[in-house]
Asker: 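One structure coming up, written as structure tokens, with questions to follow.
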Amino acid sequence: MQLGSKLHVYKGEWGLPTIDFECMRVLCLLRFTRCPVEIETNTNPLRSGAGKLPYLQIGSDKFTGYKEIKRVLDLEGYPVDANLTTKQRHLSTTYSNWAFTQLHAYYHYFLYGEPNNYDTTTRGLYAKRTPFPFNFYYPSTYQREACDIVQVLGGFDINDKLDKHESDYLVTNAKMAVNLLSRKLGRKVWFFGDIYSELDAIVYSYLAIIYKISLPNNPLQNHIKGCQNLVNFISRITRDVFRNEVYSSIKLTKSSSHPDSTLTPSERKFMETELNTKIVAGVGAVLAMGAFAAWRGIYTQLTRSSTDYDGIDYEDDELEEDLE
């Protein structure tokens, strides 16, 4: 690989190296094969030539998308399935295509097509990683792409009313896929034993994001949690392969990390801002009490000065009335 080659991807979140499936599986190819390419996360997707990430820049040449980048890596001597037998290579391709048909529609619907998920989470993730002013409209390109994917693989239009979204079909297929992948993995390190493959890259890229992302509606997340070998698979790759690329905007302490995992997204957001709220409320209370005390002091002084000027002792007058 030419010196100075650079891969442009979205910055990560939730302790992952990137927020995007396409970027994630390209990163897996690079790190699995130990290809010496620099990773750039502070980037503009509109400079790729195709308006999307990831893209690989080698000198003045740019290669955009998973297929183009994989082809370049194969030609440069970094094929991800190089250590597999011929039969295993065919199986890796077959399982990868099958996982695509079962998980791709779920991934695109629940990240970009489900209105509440997109408005509260996904849109902001991509907007923060896109330069101004493109961040105002660029995330919607993923939503339009998801519309086509869900219409073909899921059989419904995400632009229809929410009660017409047949998401149960996507959830059922995705859960069946996770169950089969869990049985296929078993207790092995990789799906083909001690050798990594493209299938490992595809499965990790889907499941790591779905498992880690905080969405209001994500039925597959808890199902993945019930497959401990897949959870271990995700954690091991994240820890061992991407230890230098992982990122999280929320830094949790050891004492708070465990209970936080049981909170809903709205509760988690509240907890993140609770300290600031307490500080602002405390300062406001001090200022309010100080203003009230100052006002009481001024009022008392005015009252006393008014009493001295009139020369009337109201308490004595009331006593005289009582004696009469």
Side-chain angles (χ1 to χ4, degrees), residues 14 16 19-22 24-25 28 66 80-81 84 87-118 121-122 142 145-158 160 162-193 195-238 261:
W14 328 294
L16 293 177
I19 63 168
D20 184 74
F21 167 74
E22 296 295 334
M24 185 76 84
R25 60 176 178 165
C28 285
Y66 178 79
V80 67
D81 288 338
L84 299 180
K87 180 180 179 181
Q88 288 174 333
R89 289 177 190 174
H90 291 314
L91 286 174
S92 176
T93 302
T94 302
Y95 270 107
S96 297
N97 292 335
W98 172 82
F100 179 89
T101 60
Q102 301 300 307
L103 296 173
H104 205 59
Y106 178 96
Y107 174 88
H108 276 80
Y109 175 73
F110 281 96
L111 265 75
Y112 312 109
E114 209 277 357
N116 193 28
N117 288 350
Y118 176 78
T121 304
T122 313
Y142 284 88
E145 182 181 351
C147 182
D148 295 335
I149 292 172
V150 172
Q151 199 161 21
V152 173
L153 297 177
F156 63 92
D157 191 341
I158 64 174
D160 291 339
L162 192 60
D163 57 3
K164 294 184 178 181
H165 292 192
E166 299 176 6
S167 58
D168 290 344
Y169 170 76
L170 304 181
V171 174
T172 300
N173 284 349
K175 287 182 177 180
M176 290 175 59
V178 168
N179 291 340
L180 192 148
L181 290 170
S182 179
R183 291 196 297 270
K184 171 66 178 173
L185 179 62
R187 297 183 179 182
K188 298 188 295 291
V189 177
W190 305 99
F191 278 95
F192 292 99
I195 306 172
Y196 58 78
S197 66
E198 185 180 14
L199 176 60
D200 296 287
I202 299 297
V203 172
Y204 173 80
S205 300
Y206 278 125
L207 299 189
I209 295 175
I210 295 172
Y211 175 66
K212 291 283 189 177
I213 191 172
S214 298
L215 294 174
N217 184 16
N218 185 8
L220 194 59
Q221 188 175 54
N222 284 331
H223 192 76
I224 296 172
K225 291 179 181 179
C227 302
Q228 190 59 47
N229 62 339
L230 291 178
V231 173
N232 295 339
F233 175 79
I234 294 169
S235 300
R236 180 181 57 79
I237 294 178
T238 304
S261 61

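Here the structure is a predicted model, which is why all the values come from computation and not from measurement.
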Asker: Hey, would you say the Tyr118 and Tyr142 ring centroids sit under 6.0 Å apart?
Answerer: no

Asker: Checking the side chain of Thr172 only, and the main-chain atoms of Asp168 only, is there a donor and an acceptor separated by less than 3.5 Å?
Answerer: yes

Asker: Taking all non-hydrogen atoms of both residues, which atom of Lys175 and which atom of Pro219 are closest, and how far apart?
Answerer: CE-O, 4.2 Å

Asker: Tell me which one of Ile224, Asn218, Leu230 satisfies side-chain contact (heavy atoms from CB on, under 4.5 Å) with Tyr211.
Answerer: Ile224

Asker: Within the structure provided, determine whether Tyr204 and Leu16 are in side-chain contact (heavy-atom separation under 4.5 Å).
Answerer: yes

Asker: Any sub-3.5 Å donor-acceptor pair from Asn97's side-chain atoms to Thr94's backbone N or O?
Answerer: no

Asker: Just verifying a value: how many Å separate His108 NE2 and Leu153 CG, rounded to the nearest 0.5 Å?
Answerer: 9.5 Å

Asker: Set out, in order, the CA-CA distance, both residues' side-chain angles and the distance that settles side-chain hydrogen bond (donor to acceptor under 3.5 Å, both in side chains) for Ser235 and Asn232, then state yes or no.
Answerer: CA-CA 5 Å; Ser235 300; Asn232 295 339; 5.5 Å; no

Asker: Return the CG to CZ distance between Leu180 and Arg183, rounded to the nearest 0.5 Å.
Answerer: 5.0 Å

Asker: What heavy-atom pair brings Val80 and Ser197 nearest, and what distance separates the two atoms?
Answerer: CG2-C, 4.0 Å

Asker: Tell me which one of Glu114, Glu166, His165, His104 satisfies side-chain hydrogen bond (donor to acceptor under 3.5 Å, both in side chains) with Tyr109.
Answerer: His165

Asker: Any chance you could lay out the side-chain contact (heavy atoms from CB on, under 4.5 Å) test for Tyr112 and Val150, step after step, and finish with the verdict?
Answerer: CA-CA 10 Å; Tyr112 312 109; Val150 172; over 6 Å; no

Asker: Identify the heavy atoms of Pro216 and Asn117 that sit nearest to each other, and give their distance.
Answerer: CD-OD1, 3.1 Å

Asker: Got a donor-acceptor contact below 3.5 angstrom from the Asn173 side chain to the Gln102 backbone?
Answerer: no

Asker: Locate the shortest heavy-atom distance separating Ile149 from Ala105; write the atom from each residue and the value.
Answerer: CG2-CA, 4.3 Å

Asker: If you measure from CD1 on Ile202 to CZ on Phe21, what distance do you get to the nearest 0.5 Å?
Answerer: 4.5 Å

Asker: Donor-acceptor pair, distance only, cut-off 3.5 Å: does the side chain of Gln151 make one with the backbone of Phe156?
Answerer: no

Asker: Can you tell me how far CG of Leu84 sits from OH of Tyr196, rounded to the nearest 0.5 angstrom?
Answerer: 9.0 Å

Asker: How would you list, by chain and number, every residue that makes a ring-ring contact (aromatic ring centres under 6.0 Å, His included) with Trp190, sequence neighbours excluded?
Answerer: Phe32

Asker: Can you name the residues that form a ring-ring contact (aromatic ring centres under 6.0 Å, His included) with Phe110, not counting sequence neighbours?
Answerer: Tyr106

Asker: Stepwise, does the side-chain contact (heavy atoms from CB on, under 4.5 Å) test hold for Asp157 with Lys164?
Answerer: CA-CA 8 Å; Asp157 191 341; Lys164 294 184 178 181; over 6 Å; no

Asker: Which pair of non-hydrogen atoms, one from Arg89 and one from Asp81, has the smallest distance, and what is that distance?
Answerer: NE-O, 3.2 Å

Asker: If only atom types and distance count, is the side chain of Ser92 paired as donor or acceptor with the main-chain N or O of Gln88 below 3.5 Å?
Answerer: no

Asker: Tyr206 and Ala99: which non-hydrogen atoms are nearest, and at how many Å?
Answerer: CE1-O, 4.2 Å

Asker: I'd like to check the ring-ring contact (aromatic ring centres under 6.0 Å, His included) partners of Tyr95; sequence neighbours left out, ordered by chain and number.
Answerer: none

Asker: To the nearest 0.5 Å, what is the distance between CG (Asp200) and CZ (Phe233)?
Answerer: 4.5 Å

Asker: OH of Tyr169: more than 12 outside heavy atoms within 6.0 angstrom?
Answerer: no

Asker: Just to verify, what does Glu145 make a salt bridge (charged side-chain N to carboxylate O under 4.0 Å, His left out) with, not counting sequence neighbours?
Answerer: Lys52

Asker: When you measure from the side chain of Gln221 to the backbone N and O of Ile213, does any donor-acceptor pair fall under 3.5 Å?
Answerer: yes

Asker: Could you tell me whether the side chain of Asn229 and the main chain of Arg187 form a donor-acceptor pair under 3.5 Å?
Answerer: no

Asker: As an exercise, state the distance from OG1 of Thr122 to CG of Asn116, rounded to the nearest 0.5 Å.
Answerer: 10.0 Å

Asker: Run the side-chain contact (heavy atoms from CB on, under 4.5 Å) test on Leu103 and Leu220 for me, step by step, so that the C-alpha distance in whole Å, both residues' side-chain angles and the decisive distance to 0.1 Å come before the verdict.
Answerer: CA-CA 10 Å; Leu103 296 173; Leu220 194 59; 4.3 Å; yes

Asker: Check salt bridge (charged side-chain N to carboxylate O under 4.0 Å, His left out) between Glu22 and all other residues, then give those that pass, not counting sequence neighbours.
Answerer: Arg25

Asker: Report the residues that fulfil ring-ring contact (aromatic ring centres under 6.0 Å, His included) with Phe192, sequence neighbours left out, ordered by chain and then residue number.
Answerer: none

Asker: Going through the distances and angles, do Leu111 and Ile209 end up as a side-chain contact (heavy atoms from CB on, under 4.5 Å)?
Answerer: CA-CA 10 Å; Leu111 265 75; Ile209 295 175; 4.2 Å; yes

